[in-house]
Every structure is written in C-alpha cells, then in structure tokens.
Amino acid sequence: MTAELDGSTALVTGATAGIGRAVALRLAASGASVVVHGRDEQRGAEIVEEIAAAGGKAARFIAADLSSSEDVLRLAAEAGEVDILINNAGIYRFASTPDTSAEMFDAQMAVNARAPMLLVGALAPGMATRGHGAIVSMSTAAATTPVRESGAYGASKAALELLTRVWADEFGAQGVRVNAVAPGPVYTPGTEEMGGEALQAIGRTTVLGRVADPEEIAEAVAFLASSRASYITGTVLEARGGQLAIG
Ligand SMILES: NC(=O)c1ccc[n+]([C@@H]2O[C@H](COP(=O)([O-])OP(=O)(O)OC[C@H]3O[C@@H](n4cnc5c(N)ncnc54)[C@H](OP(=O)(O)O)[C@@H]3O)[C@@H](O)[C@H]2O)c1
C-alpha cells in the first residue's frame, strides 16, 4: 500500500474483470476509494471484498449497462464526486467489413465511445470546479494500426483517442488532465474467448514477443492518474510491447 492517491475517489468502469479489475486493485493499493463498476453483481461484490481484504478504503460497486445512455447517466449520478475517472469498459466484436452489421457497429460505438463521452460530460465539470482531476481512457493498438476484422472496434477507439485530446483541451485550464492508454494483447476473460493460440500469435507480433498481464497495463493507468504525471495531458501512452521493424 502507498499513500499516493490518499483522499481521492476513483470510478473504474468495467472493473469486474480483466484490465479494469487490475486497475481497481492498483488504484485502491495507492490509497484511492474505488467505485467499482460493471454489470455482474457477484463479481462486483468480490472485487469490493478483495480491495477491503488488501486494506483498501471504502470500495463500493455500482451496476450499469453502458450500452444504455440512461444507465450511463445514472452511474455518473450515483458515483457522485470523483477525482479520477477510468473509462476502461469496452467490447470488441471481430468481423470483416461485409460481416459487420449495423447492430455490431452501433454496439461498439455506444460502449467504447458514447459512454465515455457521457461520463466525461457528467463528471469532468465537477472536477474542473474543484480544480483538479484525472481521466484515463482505455484505447487499443487497433485504434492506430490496422488489425484484420477489427475495423469497427478500432474506429470506436480512434474516436475515443480524438475525444481524449478534445477533453484535455476543454478541461485542462481548470486542472483536469485527460489521457489514454493503448494496450496490445492482454490476458483477460474477454481475450480468453479468442482462444489461447490466436492471442499468443498476436503477442508474437510485438517486440517483446509476448502477451501482457493486466497488471502491466494497470501500472500505466496508475501513473497517468497520479500526480507523477502532473505535466502530461492529451496523450495516448502505448503499452503494446513495441512494434516490430519491417524488413
Ligand atoms: N484484453 C486486451 O487484449 C485489450 C487490448 C487492447 C485494449 N483493450 C481494452 O481494454 C478494456 C478492457 O478489456 P478487457 O479485455 O479487460 O475486457 P473483458 O475481460 O471483456 O472485461 C470487460 C469489462 O467491461 C465490462 N463491460 C463490458 N460491456 C459492458 C457494458 N455494456 N456495460 C457495462 N460494463 C460492460 C464488463 O463487465 P461485466 O463482466 O460485469 O459485464 C467487464 O468488467 C476494453 O476497453 C478493451 O477494448 C483490451
């Protein structure tokens, strides 16, 4: 446990699994009171217990479906005043362009771009009034590098990266920093569905030659959320294991 985030409250979306869970545990270990968000009540309760067992401060769980804008706004209202917002929840639906339905496209845009937009719109003005705040959103290497069957997913995250730069400008003068992290392949329940070999194959396309653990991504998020990153805003920090040279 460190005291780096003592006195801060952090809302972490999609904290019931994978990268979000690791971020929630990491911020709690730095002293933040964490609002754990997700849909699964049971896994939400387990993360809250895990934080308490590790000596973390008053964590609580709020369930909300981020594909519903009403639910997103209810989440923001129930979370109340937060100092740190981590827009982590996201969905990926792999398909070629002919196989991408309007429903698949809209679902990814709703959860990956619209929900963060509404959460920032609801929570950043309070941070600005209080004169401080940090927002970190979860992008992906697929937002800037073409990945097969990931057009709609990558586009939704490219929108999130652009919004990150807009929000940094919009709220920066009032002390709110806004950044994103773009991971490469990470072991999570979500990527487990791809099958181990498919994920390992993506890991081999990185300089480091492997898939990341969620804790390695959480470390980058914790840095950007902390005062150690006090002069960093409007950036996307790549945590993708490096890009192999061509030739
Ligand atoms: N894993 C990777 O290789 C990788 C790489 C680059 C970027 N990312 C990004 O990192 C983030 C986390 O990915 P992950 O692999 O850790 O995901 P994951 O294992 O699939 O977990 C997703 C989390 O988001 C929540 N979530 C999903 N849809 C939701 C919805 N409609 N409403 C509310 N919550 C919802 C889930 O909540 P419930 O389970 O409670 O429903 C869960 O907590 C995503 O934004 C993803 O795009 C992941």
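- Cluster annotation: Leu75 and Leu27 are assigned to distinct hydrophobic clusters (Ile/Leu/Val/Met/Phe/Trp/Tyr, side-chain heavy-atom contacts under 4.5 Å, transitive).
- Nearest heavy-atom pair across Leu119 and Ala76 is CD2-CB, 4.0 Å.
- Considering CG of Leu160 and CE of Met109, their distance stands at 9.5 Å, rounded to 0.5 Å.
- No donor-acceptor distance shorter than 3.5 angstrom exists from the side chain of Arg165 to the backbone of Val236, with no hydrogens or angles considered.
- Between the side chain of Asn179 and the backbone N or O of Gly234, at least one donor-acceptor pair lies under 3.5 Å.
- A donor-acceptor pair under 3.5 Å is absent between the side-chain atoms of Arg177 and the main chain of Tyr231, judged by distance alone.
- In this model, no donor atom of one side chain and acceptor atom of the other lie less than 3.5 Å apart for Ser227 and Ser230.
- Looking at heavy atoms from C-beta onward, Tyr92 lies out of side-chain contact with Ser156 at the 4.5 angstrom threshold.
- Lys157 places a side-chain N or O within donor-acceptor distance of the main-chain N or O of Met138, the cut-off being under 3.5 Å.
- With hydrogens and angles disregarded, no donor-acceptor distance shorter than 3.5 Å links the side chain of Ser33 to the backbone of Ala59.
- The closest donor-acceptor contact from the side chain of Asp213 to the backbone of Glu216 lies at 3.5 Å or more, if one exists at all.
- Looking at Leu163 and Met117, their side chains come closer than 4.5 Å, going by heavy atoms from C-beta outward.
- With Thr140 contributing its side chain and Ala143 its backbone, the two residues share no donor-acceptor pair below 3.5 Å.
- Residues Tyr187 and Gln200 are in side-chain contact: their nearest non-hydrogen atoms beyond the backbone lie under 4.5 Å apart.
- Between atom CG of residue Leu244 and atom CZ of residue Arg204 there is a gap of 12.0 Å, rounded to the nearest 0.5 Å.
- Heavy atoms of other residues, nucleotides or ligands lying less than 6.0 angstrom from CE of Met194 number more than 12.
- Between the side chain of Asn87 and the backbone N or O of Ser137 there is no donor-acceptor pair closer than 3.5 Å.
- Val23 and Val120 end up in different hydrophobic clusters when Ile, Leu, Val, Met, Phe, Trp and Tyr side chains are linked at under 4.5 Å.
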- prompt: Do Ile62 and Val35 pass the side-chain contact (heavy atoms from CB on, under 4.5 Å) test, and can you show the C-alpha distance, the side-chain angles, and the key distance before you say yes or no?
  reply: CA-CA 7 Å; Ile62 302 176; Val35 181; 3.5 Å; yes

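- Minimum heavy-atom separation, Pro214 to Ile19: CB-CA, 4.1 Å.
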- prompt: Run the side-chain contact (heavy atoms from CB on, under 4.5 Å) check on Arg130 and Gln174 step by step: do they pass?
  reply: CA-CA 8 Å; Arg130 294 188 294 279; Gln174 292 152 291; over 6 Å; no

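- For Ser8 and Asp83, the side-chain atoms include no donor-acceptor pair closer than 3.5 Å.
- Ser150 has its side chain within reach of Phe94: a pair of non-hydrogen atoms, C-beta onward, lies under 4.5 Å apart.
- Heavy-atom minimum distance, Ala89 versus Thr13: N-OG1, 2.9 Å.
- Considering every non-hydrogen atom in both Glu161 and Ala182, the closest pair reads OE2-CB, 4.1 Å.
- Note that CG of Asp71 is 6.0 Å distant from CG of Asp65, once rounded to the nearest 0.5 Å.
- By the rule that hydrophobic residues join a cluster once side-chain heavy atoms approach within less than 4.5 Å of another member, Tyr153 and Val186 end up as members of separate clusters.
- Using a distance-only test at 3.5 Å, with no hydrogens or angles considered, no donor-acceptor pair links the side chain of Arg74 to the main chain of Glu70.
- Between the side chains of Thr145 and Arg240, a donor-acceptor pair is found at a separation under 3.5 Å.
- Salt-bridge check for Glu215 with Arg26: failed, with every basic side-chain N at 4.0 Å or more from each acidic carboxylate O.
- Of all heavy-atom pairs spanning Asn112 and Gly90, the tightest one is OD1-CA, 3.1 Å.
- Taking the side chain as every heavy atom from C-beta outward, Ile135 and Met127 approach each other to under 4.5 Å.
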message: Assess the residue pair Val12 and Leu85 against the criterion (side-chain contact (heavy atoms from CB on, under 4.5 Å)); give the C-alpha distance rounded to whole Å, side-chain angles, the decisive distance to 0.1 Å, and a yes or no.
response: CA-CA 6 Å; Val12 183; Leu85 167 63; over 6 Å; no

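- Residues Thr16 and Phe61 share a closest heavy-atom pair of CG2-CE1, 3.7 Å.
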field: Residue pair Leu11, Ile86: steps toward the side-chain contact (heavy atoms from CB on, under 4.5 Å) verdict
entry: CA-CA 6 Å; Leu11 167 59; Ile86 312 296; over 6 Å; no

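- With His37 contributing its side chain and Ala63 its backbone, the two residues share no donor-acceptor pair below 3.5 Å.
- There is no path of hydrophobic side-chain contacts, each under 4.5 Å, that joins Ile91 to Ile217.
- More than 12 heavy atoms of other residues, nucleotides or ligands lie within 6.0 Å of CD in Glu78, so this atom counts as buried by the packing criterion.
- Val176 and Ile84 sit in two unconnected hydrophobic clusters of ILVMFWY residues. Membership requires side-chain heavy atoms under 4.5 Å apart, directly or through other members.
- Residue Val136 is tested with Val178, Val181, Leu237 for a side chain to side chain contact (heavy atoms under 4.5 Å, CB included); the sole match is Val181.
- Enclosure of atom CD in Glu197 by more than 12 non-hydrogen atoms of other residues, nucleotides or ligands within 6.0 angstrom is indicated.
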